Every structure is written in structure tokens, then in C-alpha cells.
Number of protein chains: 2
Amino acid sequence: MSEPFVLDGFLPYRIAVLAGRLSREFSRVYQDRFGLSRAEWRVMAHLSQEAEVSVREIHARVDMDKSKVSRAASRLEEAGIVTKRISERDRRLVVLALTEKGSAMMAELARAAQDYQAELIARLGPGAEGFLAGMAAMTSPTEAATRRHAGPAEAAAGQ
Amino acid sequence: MSEPFVLDGFLPYRIAVLAGRLSREFSRVYQDRFGLSRAEWRVMAHLSQEAEVSVREIHARVDMDKSKVSRAASRLEEAGIVTKRISERDRRLVVLALTEKGSAMMAELARAAQDYQAELIARLGPGAEGFLAGMAAMTSPTEAATRRHAGPAEAAAGQ
DNA sequence: CCCCGTTCATTGCAACTGCAGCGAAGAATG
DNA sequence: CATTCTTCGCTGCAGTTGCAATGAACGGGG
């Protein structure tokens, strides 16, 4: 029964290491070429999905604290990559949108991202499907144990 | 060919989110019960594998900057969880080891970790093997693209 | 119409992070 | 040996992080 604990086999650890490695690998693209931080890249990536998004929406979907989103957005605005304006429907909301410059950057980044994604799939080989299925199972809200209050995106935070 | 870029399908992103979620989920154990940070937990976990380890060894294997290891070790020492002493064979090395108190904590943590691991495997269900195979493939040093100078543990950093 | 509880985004603050640089100790070279 | 190069752990520092608190704006109930 009680196998000795083996760190190298512990899934949260293994996945965290993998995530760090992939993240770092791809960060070369947006960091070297555009000087973006990971947080900034994520905000941009999210904006490429829906043209106009509020800080709250990004916070809710992405694994980022809302202050992190806020500050990333400010830096992007300062760099002329996104615009911030107050929503007319709800004046508490800040609506983010890519500028033309931002869109051009994002187009290039999207291409690079797809190339990288293709390479990863290639690395996975035929086992890709199994891996993706596992990701889904893991991500699913089974959470038998460790039930939590939880908020948007699991109260974000972390990383 | 050129599918539009979809953030939710981008593997580095998905894996990062998953890693964050699992990490946070399990961190409740060592954080709530023992007040450990993630870095401290990792150092302890590593120490549970081999009784005596140097800062450098942890830095090399784990995805942690050496200063991070150093400071985590200092905090653990202050808390009476590990001891630091200078190696006799090489007086540059600092040898870390769990104290009795630390061992007791680690035993409890190991149990919790195994429970959590079991739950994760359960979540994965029959697809577990495929997932683990994918992890291995992904981690493997295929790295066709993005070759790097690299150092210990991919020059650590990140996360 | 006016409260009052809630939802947003931002900001202050303390803690943490990574990086560069340091001194001490070992290894290599002649 | 003396000299130089490398390895190891630590620390200063600037930048970042998460958390809590703030203030503005909604929205519902009386």
C-alpha cells in the first residue's frame, strides 16, 4: 500500500514544472520580440478573442489576480497597445481593446503561437489525444475533495 | 490551414492554468496546516527524498532559483524544520537536513500528498496512462525549436 | 427618492522574485 | 606553491505579486 512519497512522481509538481518550462520556452517570442511580460501577453491574447473586454472578464477567465490584470492593462495602454475607456452601459467597467498597433502585434504573436502549438502536438505524437483528454478530466470540476468557496476562476491568485 | 488563434486551446496556457489550479488546491494542505510557502514545501519535499542535500542540488533539480532555495532554507531553519551545516568535504556546500520536527511534518505531508495524488489519478480515470505518457513526451528534450543555452533545470527561473 | 449592500477597478503596502554581483572555497595550470 | 578560473551560497536591489482597503457606480427595497 503506502508507497514512499516520490516528488518526481507527484502530479502537481510535475505539471508545474512542465508549465514553467513551456511558458518560458514560448515567452521568448513575446519577450524578446515585443518586450511583453507574461501577464501582458495574456491580456493581449484574451483581447484577441473578443474585441472588447473588461478587466473583470479577464480576471474571471484567466488565472490572474485582478490587480495584475489592471496593472498589465495600464502598461499596455502606456505602450500604445491597448486602449482603456469607461463603459457607457456600466461606468464601473473599464473596456479594453487592442489598438491598431496592438492588433498587428497580436497577429504576429498568434502566428508564432500556432507554430509553437504545432510543435507541441508534434512532440506529443499519437498520444496527443490521450493527453488532451487527461487535461480535460483534470480540469473538470470533479473536486471531490478540497471543496472551496471559490470565486471567479477559482478566486484566481497563485502562480 | 490557418485556424484563428484560440487562447483556450493553447497548450502552454492550458497547462499553466491547470498547474496553478492543482498547486493552489494542494497548497491548502501545507499552507493551512503548517504555514509553509510553496518554495518551502518544495525544499522539504526534496529533502524527504534524500536525507542530506545541498542548496545547489535542489536548485539543479527543482524549478527554483538558487536564491529562492537559499531563502526558503533559511526560513525553514529559523522555524526549526531543517538544519544547515557546512559540508566537510566541500566547505562551499551547505548541507540541508530535516530535523525531527521537520521529519514529522514531512511524514504527515507525504500522506496528504499521496491522498491527493490518488484523487488526481481517480479524476483521470482510465486515461491516466495516456496523460502521463503525454507528460513525458512533452517534458522530453525534443526541443526542435527554441534551443537554449540552458543551465541547471533549464536555468531555473520563471514561475 | 434615498439607503444600503454589492460589484468594479485601482492603489498602498508588505512580502516575494529574479538577477547581478559578492566573497569564500575549491580546481586547474604552470 | 602562486595564480587564475570556476563553483557555491548569500545578499542588495529594483521590479512584481497578492491581499486588503478605497472610492466610485450600480441596483434593489422600502
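Naming: A, B, ... by sequence-line order, numbering from 1 per chain. Nothing here was measured: the structure is a model prediction, and the numbers come from that model. The basis for the numbers below is simple: all heavy atoms, side chains too, and nothing from hydrogens, waters or symmetry mates.
Protein atom CG of B/L96 is 8 Å distant from nucleotide atom P of D/dG9, rounded to whole Å. Atom CZ in A/R75 sits about 12 Å away from atom P in D/dG15, given to the nearest Å. One can place NZ of B/K68 at 11 Å from C1' of D/dT17, the figure rounded to the nearest angstrom. Rounded to whole Å, atom P of D/dT17 lies 11 Å from atom CZ of A/R42. Spacing between atom CH2 of A/W41 and atom P of D/dT16 amounts to 19 Å, rounded to whole angstrom units. Taking atom CD of A/E78 as the reference point, atom P of D/dG15 lies 13 Å away to the nearest angstrom. The CD-C1' distance, from A/E88 to D/dC26, rounds to 16 Å in whole Å. For the pair B/R89 CZ and C/dA25 P, the computed distance is 17 Å after rounding to whole Å.
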Criterion side-chain contact (heavy atoms from CB on, under 4.5 Å) on B/L109 and B/L36, from CA distance to verdict: CA-CA 11 Å; B/L109 287 170; B/L36 297 175; 4.0 Å; yes
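The minimum heavy-atom distance linking B/Q117 with A/G9 is given by the pair NE2-O, 2.9 Å.
Cluster annotation: B/M64 and A/L7 are assigned to the same hydrophobic cluster (Ile/Leu/Val/Met/Phe/Trp/Tyr, side-chain heavy-atom contacts under 4.5 Å, transitive).
Take A/L18 and apply the side chain to side chain contact (heavy atoms under 4.5 Å, CB included) test, not counting sequence neighbours, and it matches A/L22, B/I15, B/M135, B/M138, B/T139. A search for side chain to side chain contact (heavy atoms under 4.5 Å, CB included) contacts involving A/A133 returns nothing, not counting sequence neighbours. Residues passing the side chain to side chain contact (heavy atoms under 4.5 Å, CB included) test with B/R85 are B/E52, B/V95, sequence neighbours excluded. For the side chain to side chain contact (heavy atoms under 4.5 Å, CB included) test, no residue two or more places apart in sequence or in another chain qualifies with A/S70.
Judged purely by distance below 3.5 Å, without hydrogens or angles, the side chains of B/Y116 and B/E25 pair a donor atom with an acceptor atom.
Ring-plane geometry between A/F26 and B/F10 is classed as perpendicular, the angle between the planes exceeding 60 degrees on a 0 to 90 degree scale with a lower cut at 30.
Bending across the helix from C/dC1-D/dG30 to C/dG30-D/dC1, expressed as the angle between its end axes from five pairs apiece, amounts to 20° (10° rounding).
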Nucleic acid footprint by protein, nucleotides 3-10 of chain C - heavy-atom cut-off 4.0 Å, B for base, S for sugar-phosphate alone: ----BSBB
